[in-house]
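Chain naming here is simple, since letters A, B, ... match the order of the sequence lines and numbering starts at 1 in each.
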2 protein chains.
Amino acid sequence: MATPRIQSVDRAFSLLACIARRGGSESLPTIAAQCGLSVATAHRLLATMESLGAVIHTSPGKYRIGLGVLELGRHASLDGLLAAAADPSLRRITQTITPTAHLGVLDSEFMVTYLAKATVRSHPLPTQIGSKLEAYCSGLGKVLLAALPEAHLDAYLAEGPFIALTGRTIIEPAALSRELIKVREQGYAFDDCELFDDLRCVAVPIRDADGQVVAALSGSAPAPRLPHQSVPAIVAELNRHAGEIGRKLYPAQPVCN
Amino acid sequence: MATPRIQSVDRAFSLLACIARRGGSESLPTIAAQCGLSVATAHRLLATMESLGAVIHTSPGKYRIGLGVLELGRHASLDGLLAAAADPSLRRITQTITPTAHLGVLDSEFMVTYLAKATVRSHPLPTQIGSKLEAYCSGLGKVLLAALPEAHLDAYLAEGPFIALTGRTIIEPAALSRELIKVREQGYAFDDCELFDDLRCVAVPIRDADGQVVAALSGSAPAPRLPHQSVPAIVAELNRHAGEIGRKLYPAQPVCN
DNA sequence: CCTGCGCTCTCATATCATGAGAGGATGATC
DNA sequence: GATCATCCTCTCATGATATGAGAGCGCAGG
């Protein structure tokens, strides 16, 4: 059968989640009840975690998440995890779908940051992990922009007209706005040589457990290798990978009933 | 006997600590060995935590701290924990030692931030939780300054001379420097009406597990109620509380061998 | 094709966690 | 200042739960 769960660990995290949710002032009996545990069990679990620094019992009736958790969290960042989680998918994509694959996020300045990249040797591309790029001119950027809340998007569009990188770059705010609506509706973006001449790219969103777009995944190829009729299949494949990445990062949350 | 520990929870956190330390690229067999666990056990624990989002298995040989831990950590801050952990001690101090007690930290601008305060009704003081105060003129500030690394302290002293708040405020950098050396040596600070007329205060450092000063704890009283000969006893009591607070926040770390 | 490595799973065993409730301590109320 | 209400801690017999060795599977590189 599937790997059996360790009950105590489930319960421990249930307690942590419960404490985190309540911001830190619930009594042990209350917490125990919320997690469906006996007071004795909850107490043992909390005492164990307290000695590990994961929880602290500040005063009667008050439990809080401890510095230990903060310390552990210091080693994780959304960007780093996205990159790490996406890496295997990117590799597979380059082997089966398009010769190049990218993962990117949008920063607060509306710039796309490349977090991960994979390419087959024969098709180098001048993109670099960690570098930033304007959003309006790439598949990744269009997917990420399309997911922005109305107000932010308007602010971005107001920055236009934009600079043309190729003859096909969308530079007019109105045209970009229309394009983004289309992207949002169809669930993917198609970059038809808008960033580099002769390079096409398909991009799809990566979503968290709530469906919010947190990043985008793209596959790029020379235009001849990426004809229009191949797009639907590529989108499907990319979506499969995007779903996998999303699920890796955001599993069923630890609930506390 | 003392509350029994939950072995699985200890092991789970041992794994987390191990993964965090290695920055995220160790194979399951390696991690298991480092934590003294069998591969099967480590696998079960990790699988459980993975489904909770505490860990993610990005690709073969690579485990990382997951977003779940980040999310939990979002609810904890050093400041908040210090305040919460100190609160009971502050209350006790006001009942047994001095009518007012404060907890403060130093920010990057050399300002003391009051994180917690307790007072008995009969002795109000115009200090507010969350407000900031120059460091040179209070017991808390002197303790915190005395713990700064040489270079930072020099930078601060160069900002002087300071503004006198009472006739006894130390305003000359040279004098303050001498005072801080004394504070460092004796392990506590005595504020003899340097901040408010007729208000004396004794302050001691709160240290983390490594002995680094992270905050300071003070007891204040009207000058007549805090004669010089009572200082040693007050220092001892404050230190007891400071130790308690430090131990609450920084228990024996989760080690991974 | 074969080898090495990393991960997953099986199963009998006994360790380990369990939960009801008593007792002690602390703080609030009157 | 005394009483009451919480909250926390601990005990102990029971059995559910975690354990670990090792086999098997899939994958990647040689």
(request) Can you figure out which of dT18(C), dT19(D), dC7(D) approaches the side chain of T41(B) most closely? (result) dT19(D)
(request) Starting from P on dA18(D), measure out to CE on M49(B) and report it in whole angstrom. (result) 14 Å
(message) Does R11(A) reach a base, just sugar-phosphate, or nothing at all? Heavy atoms under 4.0 Å.
(response) sugar-phosphate
(request) Pick out which of T100(A), T94(A), D87(A), T127(A) makes a side-chain hydrogen bond (donor to acceptor under 3.5 Å, both in side chains) with K117(A). (result) T127(A)
(request) To the nearest Å, give me how far apart CG (L15(A)) and P (dT18(C)) are. (result) 10 Å
(request) Check every atom of dG20(D), dG27(C), dG19(C) against the side chain of R92(B) and return the nucleotide holding the closest atom. (result) dG27(C)
(request) Return the value, rounded to whole Å, for the distance between atom CG of L45(A) and atom C1' of dC10(D). (result) 16 Å
(message) I need the CD1-C1' distance between I31(B) and dC7(C), as an integer number of Å.
(response) 12 Å
(request) Report the nucleotide, chosen from dT17(D), dA17(C), dG20(D), that has the shortest atom-to-atom distance to any side-chain atom of Q7(A). (result) dT17(D)
(message) Rounding to an integer number of Å, can you tell me how far R91(A) CZ sits from dC27(D) P?
(response) 16 Å
(request) Tell me whether the OP1 or OP2 atom of dT6(D) has a side-chain N or O from S27(A) closer than 4.0 Å. (result) no
(message) Closest-nucleotide mapping onto DNA chain C: is P60(A) or A47(B) further toward the 5' terminus? I mean the 5' end.
(response) A47(B)
(message) So, OP1 or OP2 of dT17(D): does either fall under 4.0 Å of a side-chain N or O from R5(A)?
(response) no
(message) Measure CG/D10(A) against P/dA17(C) and give the value in whole Å, please.
(response) 15 Å
(message) Heavy-atom nearest nucleotide on DNA chain D for V39(B) versus S8(B): which residue maps closer to 5'?
(response) S8(B)
(request) For a side chain to side chain contact (heavy atoms under 4.5 Å, CB included) with Y188(B), tell me which candidate from L238(B), V231(B), V143(B) qualifies. (result) V231(B)
(request) Kindly point out which of dT8(C), dG20(D), dC8(D) is positioned nearest to the side chain of Y63(A)? (result) dC8(D)
(request) First locate atom OG1 of T41(A), then atom CD1 of I6(B), and finally report the distance between them rounded to the nearest 0.5 Å. (result) 7.5 Å
(message) Checking S51(A) against R5(B): is there a side-chain donor and acceptor pair closer than 3.5 Å?
(response) yes
(request) Go through dC7(C), dC9(C), dT18(C) for me and flag the one nearest to the I6(B) side chain. (result) dT18(C)
(request) Ignoring the backbone of A40(B), work out which of dC9(C), dA17(C), dG21(C) is nearest its side chain. (result) dC9(C)
(request) Answer yes or no: does a side-chain N or O of H43(A) lie under 4.0 Å from OP1 or OP2 of dT9(D)? (result) yes
(request) Verify the distance criterion only: is there a donor paired with an acceptor across the side chains of R200(A) and S220(A) at less than 3.5 Å? (result) no
(request) Starting from C1' on dA20(C), measure out to CG on L28(A) and report it in whole angstrom. (result) 15 Å
(request) Check the distance between dC7(C)'s P and L37(B)'s CG and give it to me in whole angstrom. (result) 15 Å
